[in-house]
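To keep things clear, I will list the structure first and then write my remarks on it.
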Amino acid sequence: MDDLPPRQTTEPDQAEAAMARLLRAATFAARVHATHRRKGSSAEPYVNHVLEVAQILAAHGAPEEAILAGLLHDTVEDSDRDPEPITHERLVLEFGALVAGVVAEATDDKSLPKEVRKALQVRQAAKKTDAAKMLKLADKISNLRAIAASPPAGWDHARRLEYVGWAGRVAAGLRGVNPALDALFDATYRDAVARLAQEA
Ligand code: ZN
């Protein structure tokens, strides 16, 4: 009988089944976002957003690293004021370099002013990896839905219109990887524009 070689431990999640990895990432995100709420008037728990992003990705044939990164995509950006902020290194340790890398690609540099970050998202969209492009597109789909269904209390018509236009400019650089996701973005974008036009 052959001896099995010792299991490689460089990728901590190699022997873990996909379903278990998925639920571990969902649980991790739920803990990080436990006290976070969406900006919308209904103030949904923030974890609803990351679950929706991951669900959109899974429903459109995205690879596993994109789905896991979808669950984790706001854990670094949104825990910066927490007592124990989530770092890139922590995500590498917990979920491996591939998933952590996709999250890093979807994380804004919060040391930059908001307008600069928004301009960078437009400029850098086309340079992202395929997994990060899909994740960012699913993120924009979820955000456009939220703007239409439950806009943040202080956001007037002009601000929402500006947001939708900006999301469209970012998405232009993300498309071409996953046609089904592109089509869902287009439908969501059209719906958001139509709703705003009705209000005007
Ligand atoms: Zn997000």
Side-chain angles (χ1 to χ4, degrees), residues 22 25-60 62-82 85-88 90-91 95 99-110 112 114-122 124-125 128-152 155 159-160 162-175 177-178 181-182 184-185 188-189 192:
L22 189 69
T27 307
F28 186 92
R31 289 206 182 102
V32 172
H33 295 302
T35 61
H36 305 160
R37 298 255 157 193
R38 290 289 264 167
K39 273 187 286 197
S41 50
S42 58
E44 273 188 90
Y46 200 87
V47 73
N48 290 15
H49 163 65
V50 301
L51 286 169
E52 182 185 21
V53 169
Q55 184 273 327
I56 290 168
L57 289 163
H60 292 83
E64 188 191 6
E65 67 269 23
I67 299 166
L68 293 176
L71 290 169
L72 301 165
H73 78 276
D74 283 324
T75 56
V76 175
E77 205 170 299
D78 289 353
S79 68
D80 58 337
R81 281 185 222 141
D82 290 359
I86 303 302
T87 61
H88 174 70
R90 172 85 186 276
L91 292 184
F95 299 100
V99 171
V102 180
V103 173
E105 283 191 86
T107 300
D108 277 356
D109 179 352
K110 274 204 161 171
L112 299 170
K114 185 146 196 237
E115 288 313 310
V116 176
R117 296 198 318 249
K118 287 183 78 174
L120 278 176
Q121 282 205 32
V122 176
Q124 295 176 341
K128 306 273 178 199
T129 61
D130 286 358
K133 283 180 179 171
M134 285 186 257
L135 163 53
K136 288 187 62 72
L137 207 49
D139 190 32
K140 293 289 179 277
I141 290 166
S142 170
N143 288 339
L144 284 181
R145 285 176 178 169
I147 291 287
S150 172
W155 286 36
R159 183 158 180 199
R160 277 179 285 150
E162 195 281 324
Y163 182 90
V164 172
W166 169 73
R169 291 195 297 282
V170 178
L174 303 170
R175 46 194 319 128
V177 176
N178 183 325
L181 212 51
D182 292 350
L184 181 60
F185 179 86
T188 309
Y189 181 86

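Note that ligands are numbered from 1 as they come in the structure, with each ligand's atoms numbered from 1 the same way. Computed from heavy atoms alone, side chains included, the values below leave out hydrogens, waters and symmetry copies.
Comment: Lys133 does not engage Glu105 in a salt bridge, judged by the lack of any side-chain N to carboxylate O separation of less than 4.0 angstrom.
In this structure, Arg37 contributes its side chain and Ala43 its backbone to a donor-acceptor pair below 3.5 Å.
For CZ of Arg117, the number of neighbouring non-hydrogen atoms (other residues, nucleotides, ligands) closer than 6.0 Å is greater than 12. Counted within 6.0 Å of NZ on Lys39, heavy atoms from surrounding residues, nucleotides or ligands total 12 or fewer; the atom is thus considered open.
Taking the Zn ion (ligand 1) as reference, the nearest N/O/S atom within Asp139 carries the name OD1. Looking at His49, its N, O or S atom nearest to the Zn ion (ligand 1) turns out to be NE2.
Rounded to 10°, the angle formed at the Zn ion (ligand 1) by OD2 of Asp74 and NE2 of His73 is 80°.
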